[in-house]
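Worksheet: the structure to be examined is printed underneath.
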Amino acid sequence: MPDFPAATPRARVRVPLRFQDGYGVDAELVTFHGLTDGQEHLAVVLGDPAPGTTPLVRLHSECLTGDVFGSARCDCGPQLREAVERIAERGGVLLYLRQEGRGIGLYNKLDAYALQDQGLDTYAANTALGLPEDARDYTAAAQMLTALGITSLDLLSNNPDKAEQLRGLGIDVHDRVPTGVFTTPHNVRYLRAKVLQTQHTLPLGQLTELHAG
């Protein structure tokens, strides 16, 4: 087992979640003491796994523009909505991680957007700003899962790096379950970059170049 300090649950509160399309579900939100990065990450516990089944888990990085404002430049908002329903149906946890812009922060992410408007892809834009292509570290996620008693899971993700990092942190990722494909004319270049640069499991053939009207 990797050597990282244990985190402990800080508080648990029941919250009814309601989405703009009318879908609703009750969740338990869990906060934590002792997370290594000092951030206010949140566990959203949904549904009740059947005895003997593996919980479904998603690590969802915070995206203010997509999750809150419905930005069509990424697929984060639709992924969040999909994940809540799929996890609630099966039972598991969504970890909402404060890692805006793949860990570079909101202002830097918007600066990267401006460079993308000049033709750079999402990863090259980060590099042009002198920042990592992906600065996310999932140690805190492993701490949260362990504190919740989850050491074996199915991971709802198209990103192989999430599974590899969790395995390296001692979490048994039994299976990686792909999310849906949520394309818009504004995000297809972003999605293609995720496939070509970081081997996300998205159907490249379907991600044809669309043009915003």
Side-chain angles (χ1 to χ4, degrees), residues 1-19 21-37 39-62 67 75-99 136-182 194 198-203:
M1 176 67 70
D3 184 19
F4 54 76
T8 56
R10 173 182 172 275
R12 297 173 182 262
V13 60
R14 300 294 300 181
V15 176
L17 306 182
R18 300 294 181 264
F19 291 83
D21 62 0
Y23 175 74
V25 66
D26 291 342
E28 181 182 49
L29 306 188
V30 185
T31 59
F32 297 87
H33 287 300
L35 298 179
T36 55
D37 59 8
Q39 296 295 315
E40 293 186 333
H41 304 302
L42 188 69
V44 184
V45 181
L46 296 154
D48 187 15
T53 63
T54 305
L56 185 62
V57 171
R58 175 163 175 78
L59 313 185
H60 187 89
S61 296
E62 178 182 45
D67 297 342
D75 57 346
C76 302
Q79 282 189 326
L80 177 63
R81 165 65 182 83
E82 174 200 39
V84 169
E85 184 170 4
R86 290 179 68 176
I87 295 171
E89 288 174 349
R90 175 166 155 183
V93 180
L94 182 143
L95 300 185
Y96 197 81
L97 304 173
R98 312 304 295 274
Q99 300 174 330
R136 291 174 293 183
D137 177 279
Y138 297 107
T139 302
Q143 287 182 289
M144 296 162 75
L145 291 168
T146 302
L148 294 172
I150 297 173
T151 56
S152 180
L153 55 87
D154 286 343
L155 185 66
L156 182 61
S157 177
N158 298 322
N159 185 353
D161 182 58
K162 290 181 179 179
E164 290 170 9
Q165 284 203 42
L166 284 181
R167 290 185 178 116
L169 291 161
I171 303 297
D172 176 22
V173 179
H174 183 262
D175 191 20
R176 185 161 59 86
V177 181
T179 69
V181 181
F182 304 100
K194 291 208 287 189
T198 51
Q199 291 73 57
H200 281 58
T201 49
L202 291 163

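From a predicted model like this one, the values you see are computed outputs, not experimental measurements.
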What are the two closest non-hydrogen atoms of [X] and [Y], and how far apart are they?
| X | Y | value |
| --- | --- | --- |
| Ile87 | Gly92 | CG2-C, 3.4 Å |
| Val173 | Ala163 | CG2-O, 4.0 Å |
| Thr146 | Phe4 | OG1-CZ, 4.5 Å |
| Gly34 | Gln143 | O-NE2, 3.0 Å |
| Ala141 | Leu59 | CB-CD2, 4.1 Å |
| Met144 | Leu97 | SD-CD2, 4.1 Å |

Measuring from atom [atom1] of [X] to atom [atom2] of [Y], what distance do you get when rounded to the nearest 0.5 angstrom?
| X | Y | atom1 | atom2 | value |
| --- | --- | --- | --- | --- |
| Arg12 | Arg14 | CZ | CZ | 10.5 Å |
| Ile150 | Thr54 | CD1 | OG1 | 10.5 Å |
| Arg167 | Arg176 | CZ | CZ | 8.0 Å |
| Leu80 | Ser61 | CG | OG | 11.0 Å |
| Thr151 | Asp172 | OG1 | CG | 7.5 Å |
| Asn159 | Glu164 | CG | CD | 8.5 Å |

Which of Asp154, Thr53, Leu156, Asp48 passes side-chain contact (heavy atoms from CB on, under 4.5 Å) with Arg90? Answer is Asp154
Val177 pairs by side-chain contact (heavy atoms from CB on, under 4.5 Å) with which of Asn158, Leu155, Val57, Leu56? Leu56
Can a side-chain donor-acceptor contact be found between Asp137 and Thr139 if the only test is distance below 3.5 angstrom? yes
Please determine whether side-chain contact (heavy atoms from CB on, under 4.5 Å) holds for the pair Tyr138 and Leu95, giving the CA-CA distance in whole Å, both sets of side-chain angles, and the decisive distance to 0.1 Å. CA-CA 11 Å; Tyr138 297 107; Leu95 300 185; over 6 Å; no
Take Arg58 and Gln79 through the test side-chain contact (heavy atoms from CB on, under 4.5 Å) and record every step on the way to the result. CA-CA 10 Å; Arg58 175 163 175 78; Gln79 282 189 326; 3.0 Å; yes
List the steps, then state whether side-chain contact (heavy atoms from CB on, under 4.5 Å) holds for Thr31 with Leu42. CA-CA 5 Å; Thr31 59; Leu42 188 69; 3.8 Å; yes
Please assess Tyr23 against Glu85 for the test side-chain contact (heavy atoms from CB on, under 4.5 Å), listing each intermediate value before the final yes or no. CA-CA 8 Å; Tyr23 175 74; Glu85 184 170 4; 3.8 Å; yes
Is there a donor-acceptor contact under 3.5 Å from the side chain of His41 to the main chain of Arg98? yes
4.5 Å side-chain heavy-atom contact, Val44 and Val84: no
